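Reviewing the structure listed below.
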Protein chains: 2
Amino acid sequence: MRVRTSEALRREIEDDIEHGRLSPGDKLDEQTLAERFEVSRTPAREALLQLAAAGIVRLVPRQGAVVSSVSPQLAIGMVEVLTALEAEAAGLAARRMTSIEKAQLAKLHLASQAAVKRLDSPAYIKNNAAFHAAIYDGARNEFLAEQIRTTRLRMRFYHRSSLYQPARLKASFQEHARVTEAIKSGDEALAQQLMRDHILFGGRVFADLIANLTNRKP
Amino acid sequence: MRVRTSEALRREIEDDIEHGRLSPGDKLDEQTLAERFEVSRTPAREALLQLAAAGIVRLVPRQGAVVSSVSPQLAIGMVEVLTALEAEAAGLAARRMTSIEKAQLAKLHLASQAAVKRLDSPAYIKNNAAFHAAIYDGARNEFLAEQIRTTRLRMRFYHRSSLYQPARLKASFQEHARVTEAIKSGDEALAQQLMRDHILFGGRVFADLIANLTNRKP
DNA sequence: ATGATCTTCTATGTATACATAAGGGAACCA
DNA sequence: TGGTTCCCTTATGTATACATAGAAGATCAT
């Protein structure tokens with residue numbers, strides 16, 4: 001086998017969580033996982049260990065693994081960290097992007113206008129991802145990009161994008177416009193501040209959602 | 001056995017790296033680890049998996065594990081991320097600390113003065129850790145604190161604290177004073193900015209060190 | 001009937017066995 | 001002498017076997 005089996009299992013389980021087939025609190029036992037993927041317990045166990053290291057599942061000794069749940073407190077914490085990281089990326093991008101890259105970023109931004117007009121959330125979500133990815137590239141910091149990716153992945157397990165709300169979608173586009181301008185003009189502090197506001201807005205929706213979920217079933 | 005064996009091994013190996021008994025690039029094979037700790041290959045292997053998930057070692061399929069090396073690029077990246085996170089913590093602390101906590105922070109800061117006067121780096125390093133820990137507490141964000149802890153741990157593998165330099169030690173104390181003032185007055189933006197400068201200074205020493213190391217043996 | 005204690009049973013943690021891919025060395029050829 | 005190919009060794013990846021800690025259930029006493 002070319003790829004590591006445990007790696008494949010890990011991705012499958014992540015996918016299950018992301019698509020709601022597994023929910024926070026669900027128990028994952030090694031035997032069942034092994035049977036499901038038709039492997040022995042060893043790779044199943046190793047997949048769980050990797051998930052635990054990433055914080056996706058909680059591994060209680062002698063009690064197996066459960067899908068991590070997110071407290072409102074943790075949700076807010078993640079939003080705050082993501083905000084700081086995204087803002088840093090925007091600031092660095094303002095400093096480091098070439099004029100060619102800045103022009104491309106502006107182009108990416110404009111390309112999303114069509115999706116906004118049609119209120120086409122799935123399309124805009126793709127545009128949005130491309131826009132932010134361009135900023136990560138421009139920041140010239142792989143480690144930062146990786147930290148953002150991990151944090152976002154972990155958040156994605158628990159919420160649908162706020163961009164499914166038409167109001168949020170329109171606001172997002174406006175905010176992107178201002179961020180693009182700030183980066184274009186090389187204004188590091190402004191780019192940071194604008195990105196901070198941008199992420200915080202979307203993040204609040206996430207934190208509110210978690211708070212509601214938790215209140216409902218205590 | 002009460003604790004997980006692989007967990008214990010992981011800590012031992014981390015310790016080895018931190019204290020220089022293992023260097024970046026060193027190979028870690030499962031058999032040798034197992035023999036050294038007098039366990040079977042299974043826990044040894046699981047420890048390596050956990051270290052790999054944390055980025056401490058690199059795990060190449062069919063080729064075993066090597067202690068991760070840090071490129072100058074990665075070193076700079078880590079400093080930038082740490083800067084953003086520490087700044088965020090300081091800003092949040094400025095907003096959220098009670099006046100009692102603020103007074104305690106000021107007290108912690110003053111307590112480090114003696115170590116500065118004696119140029120006692122080990123003592124100051126302890127004071128420094130307590131000072132920063134108080135800020136993490138005040139930020140009311142466990143997730144942020146954990147991210148900072150992880151990043152710092154990973155950096156600590158590769159450098160001695162810049163606080164062993166007398167000049168840096170004195171400067172650190174002055175910077176702490178300004179940060180303390182900003183937090184006391186609840187000035188979020190200023191606290192962020194001052195902490196940013198503070199971390200960046202120390203971080204540059206780290207990045208320079210890595211750059212030099214890499215240039216020497218290419 | 002309720003609680004406590006004991007027993008049983010299951011799933012985890014560890015060890016060991018087996019399969020296989022990658023690397024190294026030897027031999028052979030040019 | 002240099003290079004290529006083949007084989008062998010070794011370490012990783014996976015499977016299986018065994019030990020044991022906890023959980024669940026049953027039994028008994030109050």
Side-chain angles (χ1 to χ4, degrees), chain A residues 1-17 21-69 154 157 217-218, chain B residues 1-17 21-69 154 157 217-218:
Chain A
M1 222 170 272
R2 190 122 205 115
V3 195
R4 225 210 283 304
T5 309
S6 63
E7 198 78 8
L9 296 202
R10 186 176 63 73
R11 285 182 187 278
E12 287 281 344
I13 297 167
E14 280 182 358
D15 207 61
D16 279 356
I17 298 173
R21 290 187 291 274
L22 280 173
S23 300
D26 285 0
K27 212 171 169 239
L28 290 168
D29 70 299
E30 300 172 357
Q31 195 112 324
T32 309
L33 281 174
E35 281 167 18
R36 179 173 150 207
F37 294 106
E38 298 183 313
V39 292
S40 80
R41 261 182 60 221
T42 308
R45 181 181 171 76
E46 294 187 347
L48 287 179
L49 274 171
Q50 289 178 59
L51 288 166
I56 311 291
V57 305
R58 217 157 41 87
L59 215 53
V60 190
R62 285 274 165 203
Q63 283 189 231
V66 294
V67 179
S68 298
S69 54
R154 199 156 157 204
F157 289 155
K217 39 177 180 178
Chain B
M1 222 170 273
R2 190 123 204 114
V3 196
R4 223 208 283 306
T5 310
S6 63
E7 198 78 8
L9 296 202
R10 187 177 62 73
R11 285 182 187 278
E12 285 282 345
I13 297 168
E14 280 182 358
D15 208 60
D16 280 356
I17 298 173
R21 291 188 289 276
L22 281 172
S23 301
D26 285 0
K27 211 171 170 240
L28 290 167
D29 70 298
E30 300 171 0
Q31 195 113 324
T32 309
L33 282 174
E35 280 166 19
R36 179 174 148 205
F37 295 104
E38 297 182 314
V39 292
S40 79
R41 261 183 58 221
T42 308
R45 181 182 171 76
E46 293 187 348
L48 287 178
L49 275 171
Q50 289 179 57
L51 288 167
I56 311 291
V57 306
R58 217 156 39 85
L59 215 55
V60 189
R62 286 274 164 204
Q63 283 189 231
V66 294
V67 179
S68 298
S69 52
R154 199 155 157 204
F157 289 155
K217 38 177 181 179

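So that the names make sense, note that chain A is the first sequence line, chain B the second, and so on, each numbered from 1. Here the structure is a predicted model, which means the values were calculated and not measured.
- Between B:Arg10 and B:Glu7, at least one side-chain N (NZ, or NE/NH1/NH2) sits under 4.0 Å from a carboxylate O, which counts as a salt bridge.
- With D:dG13, C:dG13, C:dT16 as the candidates, the nucleotide lying closest to the side chain of A:Pro61 is C:dG13.
- The base of D:dT12 lies outside donor-acceptor range of the side chain of B:Arg45, with no N or O pair under 3.5 Å.
- Between A:Lys27 atom NZ and D:dA23 atom C1' the separation is 9 Å, expressed in whole Å.
- Looking at the side chain of B:Arg62, the nearest of the listed nucleotides D:dA15, C:dG13, C:dA22 is C:dA22.
- In this structure, A:Gln31 places its CD atom 10 Å from C1' of C:dT12, rounding to the nearest Å.
- Taking atom CZ on A:Arg41 and atom C1' on D:dA15, their separation rounds to 11 Å, with Å as the unit.
- Side-chain contact between B:Arg21 and B:Asp15 is present, with at least one heavy-atom pair separated by less than 4.5 Å.
- Counting to the nearest Å, the P atom of D:dA11 and the CD atom of B:Glu35 are 10 Å from each other.
- The phosphate of D:dT14 (OP1 or OP2) has a side-chain N or O of A:Thr5 nearer than 4.0 angstrom.
- Residue A:Asp29 contributes atom CG, which lies 12 Å from atom P of C:dG13 at whole-angstrom precision.
- Listed pair A:Ser40 / D:dA15 meets the phosphate criterion, a side-chain N or O lying under 4.0 Å from OP1 or OP2.
- Using a 4.5 Å heavy-atom threshold, the side chains of A:Leu51 and A:Ile17 count as separate.
- What separates CG of B:Leu59 from P of D:dG13 is a distance of 6 Å, to the nearest Å.
- Annotation: of the two residues near DNA chain D, A:Gln63 and A:Glu38, the 5′-most nearest-nucleotide partner is A:Glu38.
- Residues B:Ala44 and B:Leu33 come closest through the heavy atom pair CB-CB, 4.0 Å.
- With a 4.5 Å cut-off on side-chain heavy atoms, A:Val39 and A:Leu9 count as touching.
- Rounded to a whole Å, the CZ atom of A:Arg4 is 15 Å from the C1' atom of C:dT20.
- In this entry the distance linking CG of A:Leu49 with P of C:dG13 reads 8 Å, nearest Å.
- Taking only side-chain atoms of A:Pro43, from C-beta outward, the nucleotide of D:dA15, D:dT12, C:dT12 with the closest atom is D:dA15.
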